[in-house]
Number of protein chains: 2
Amino acid sequence: MESLVMYLCRQNTLKMRVISRLGEYGLRALMYMAAQKNESTYFNIRLMSQELDISFHFLTKILQGLTQRGLLQSYRGPHGGIGFLVPPEQITLATVVKALEGEDFFHNCLLGLPGCGERQPCPMHVFWAELRERLRTEFETTTLADLGTQTLEQHLRLKA
Amino acid sequence: MESLVMYLCRQNTLKMRVISRLGEYGLRALMYMAAQKNESTYFNIRLMSQELDISFHFLTKILQGLTQRGLLQSYRGPHGGIGFLVPPEQITLATVVKALEGEDFFHNCLLGLPGCGERQPCPMHVFWAELRERLRTEFETTTLADLGTQTLEQHLRLKA
DNA sequence: CATATTTAAGATAAAATACTCTTAAATATT
DNA sequence: AATATTTAAGAGTATTTTATCTTAAATATG
Ligand code: FES
Ligand code: FES
């Protein structure tokens, strides 16, 4: 039972969301790990969730998904955790985003119409296809390691 | 009460959504109107909703919002409808998208962190800020009229 | 003036997304 | 073997987004 004022208010405050929360949290966690450069060790999810101020259970689930998709490996029990299966130098942002958001992440119509560009491109298609391709290229050529060079405190918004 | 299979299944099929449904429907409707070039007349919302296969009430609400924000004008009663207040040649995509999705549409952090670039840019910032700027420039320099040149049947996915 | 038409406004409902909680499985330590 | 630690799996809840429904206001027409 929400008033229209609130309803419209919410609509006014919509933000451009290129990737979902899932993608945001996943990327932040992976960059956090990449920045540590402890490729051989496992990271504790609870600690990571506290430092990044992300719900522990939610983050666990997201990382679980990345493990199932072969980007990460996990180890249960004391001193267990989550770690890279392939070094962050070899993981592109495109790989991460496609794992988190879906394989066809870079193939969707700007207007949400089905089958972008296949037969009947929408009026936005030429306009959008070029931009999207640039986006894709950037994501394909940037690795997690490329982004892990800056100090953590300044750039990942750690909790404290 | 949903199974994890479905839960993960849904997560697998997420799509890149640069603009929300609101934005998609709004843009499609405005392009439909721009393509007709009947600048002086009012368009019937029900007919438009049928042709574009968008819920009538939902589309009404979206267009209502654009009217309230000064992009469109409406007229009630028989032969009433919705029409441009300024000609589509003068309406940029940026204007539309900002009206539909929020003013700071082109200023959000890719990772959803607050205050993009203001004090503590995230690791994605340099990478993202440039792409976002290109996106913004394209949206700022493209008008509704620019996109209304192609035939409607082929490009707006009219219902039938 | 009565009636039909059309958008405006508000409330409600459904679906999707985001998040939390509980229990199970694996592993190390004692 | 018993216990503590840590991720995996599944179920459940909350919030946001999307869509529908109902009633009101404005306007034209007979
Ligand atoms: S069909 Fe719409 S962007 Fe390709
Ligand atoms: S701070 Fe993250 S993109 Fe600018």
Side-chain angles (χ1 to χ4, degrees), chain A residues 1-17 19-26 29 41-50 52-69 72-83 100-102 112, chain B residues 1-17 19-26 29 41-50 52-69 72-83 100-102 112:
Chain A
M1 199 180 67
E2 185 189 35
S3 74
L4 180 61
V5 174
M6 282 308 297
Y7 181 69
L8 289 174
C9 180
R10 278 195 288 105
Q11 295 186 343
N12 273 326
T13 57
L14 277 176
K15 308 270 176 156
M16 176 161 62
R17 174 164 299 290
I19 53 179
S20 68
R21 290 274 160 129
L22 226 82
E24 289 175 7
Y25 295 164
T41 67
Y42 289 101
F43 293 86
N44 183 291
I45 299 181
R46 186 169 294 278
L47 177 64
M48 195 154 52
S49 76
Q50 286 163 354
L52 294 172
D53 198 19
I54 299 171
S55 148
F56 165 69
H57 287 106
F58 198 29
L59 183 57
T60 298
K61 231 166 224 332
I62 293 167
L63 296 176
Q64 229 179 77
L66 291 175
T67 303
Q68 290 165 349
R69 288 170 184 77
L72 299 174
Q73 60 185 330
S74 68
Y75 197 82
R76 299 188 194 181
H79 314 307
I82 208 104
L100 288 164
E101 308 268 340
Chain B
M1 198 181 64
E2 185 189 35
S3 75
L4 180 62
V5 174
M6 280 310 294
Y7 182 67
L8 289 173
C9 181
R10 276 194 289 105
Q11 295 184 342
N12 273 327
T13 56
L14 280 176
K15 308 271 178 157
M16 174 161 64
R17 173 163 300 290
I19 52 180
S20 68
R21 291 275 161 133
L22 226 82
E24 289 174 7
Y25 295 164
T41 67
Y42 288 102
F43 293 87
N44 183 291
I45 300 181
R46 186 170 293 281
L47 177 62
M48 196 154 51
S49 76
Q50 286 163 354
L52 293 172
D53 197 20
I54 299 172
S55 147
F56 164 69
H57 287 105
F58 197 29
L59 183 57
T60 298
K61 233 170 222 328
I62 293 167
L63 297 175
Q64 230 178 77
L66 291 175
T67 303
Q68 289 164 350
R69 288 169 184 78
L72 298 174
Q73 60 186 328
S74 68
Y75 197 84
R76 300 187 193 182
H79 314 305
I82 208 105
L100 289 164
E101 309 268 340

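Values below: all heavy atoms of this structure, side chains included; hydrogens, waters and symmetry mates excluded. Naming convention: chains lettered A, B, ... in sequence-line order (proteins, then strands); numbering from 1 in each chain. Computed from a prediction, not measured in an experiment: that's the story for all the values here.
Rounded to an integer number of Å, the gap from B/Asp53 CG to D/dT20 P is 10 Å. To the nearest angstrom, P of D/dA19 lies 9 Å from CG of B/Leu22. Across the protein-nucleic acid pair, A/Phe56 atom CZ and D/dT6 atom C1' stand 7 Å apart, rounded to whole Å. For the pair A/Phe43 CZ and D/dT7 P, the interatomic distance rounds to 12 Å; values are reported in whole Å. Rounding to whole angstrom units, CG of residue A/Leu63 and C1' of D/dA9 are separated by 15 Å. Rounded to an integer number of Å, the gap from CD1 of A/Ile54 to C1' of C/dT20 is 15 Å. Rounded to whole Å, the distance from NZ on A/Lys61 to P on D/dA8 is 10 Å. For B/Gln64 and D/dA25, the CD to P distance is 14 Å, given to the nearest whole Å.
Distance from the side chain of B/His57 is smallest for D/dC21 among the nucleotides D/dT18, D/dA8, D/dC21.
Scanning atom types as modelled, no donor and acceptor separated by under 3.5 angstrom connect the side chain of A/Arg21 and the base of C/dA18.
Annotation: the span from A/Leu100 atom CG to A/Glu24 atom CD amounts to 11.0 Å, rounded to 0.5 Å. Separation of atoms CG (A/Leu72) and CZ (A/Arg69) is listed at 11.0 Å; rounding is to 0.5 Å.
Regarding contacts with the backbone of C/dA8, a side-chain N or O of B/Ser74 is found under 4.0 angstrom from either OP1 or OP2. When the side-chain nitrogen and oxygen atoms of B/Gln68 are compared with OP1 and OP2 of C/dA9, one or more of them lie within a distance under 4.0 Å. OP1 or OP2 of C/dT7 has not a single side-chain nitrogen or oxygen of B/Tyr42 nearer than 4.0 Å. Here A/Ser55 reaches the OP1 or OP2 of C/dT20: one of its side-chain N or O atoms lies under 4.0 Å away. Listed pair B/Tyr75 / D/dA28 meets the phosphate criterion, a side-chain N or O lying under 4.0 Å from OP1 or OP2.
Minimum heavy-atom separation, B/Arg46 to B/Phe56: NH2-CE2, 3.2 Å. Across all their heavy atoms, A/Leu22 and A/Glu101 have their closest contact at C-OE2, 4.4 Å. In terms of heavy atoms, A/Ile82 sits closest to A/Ser74 at CD1-CB, 3.7 Å.
Projected onto DNA chain C by closest heavy-atom contact, B/Arg76 and A/Tyr25 fall at different nucleotides, the more 5' of which corresponds to B/Arg76.
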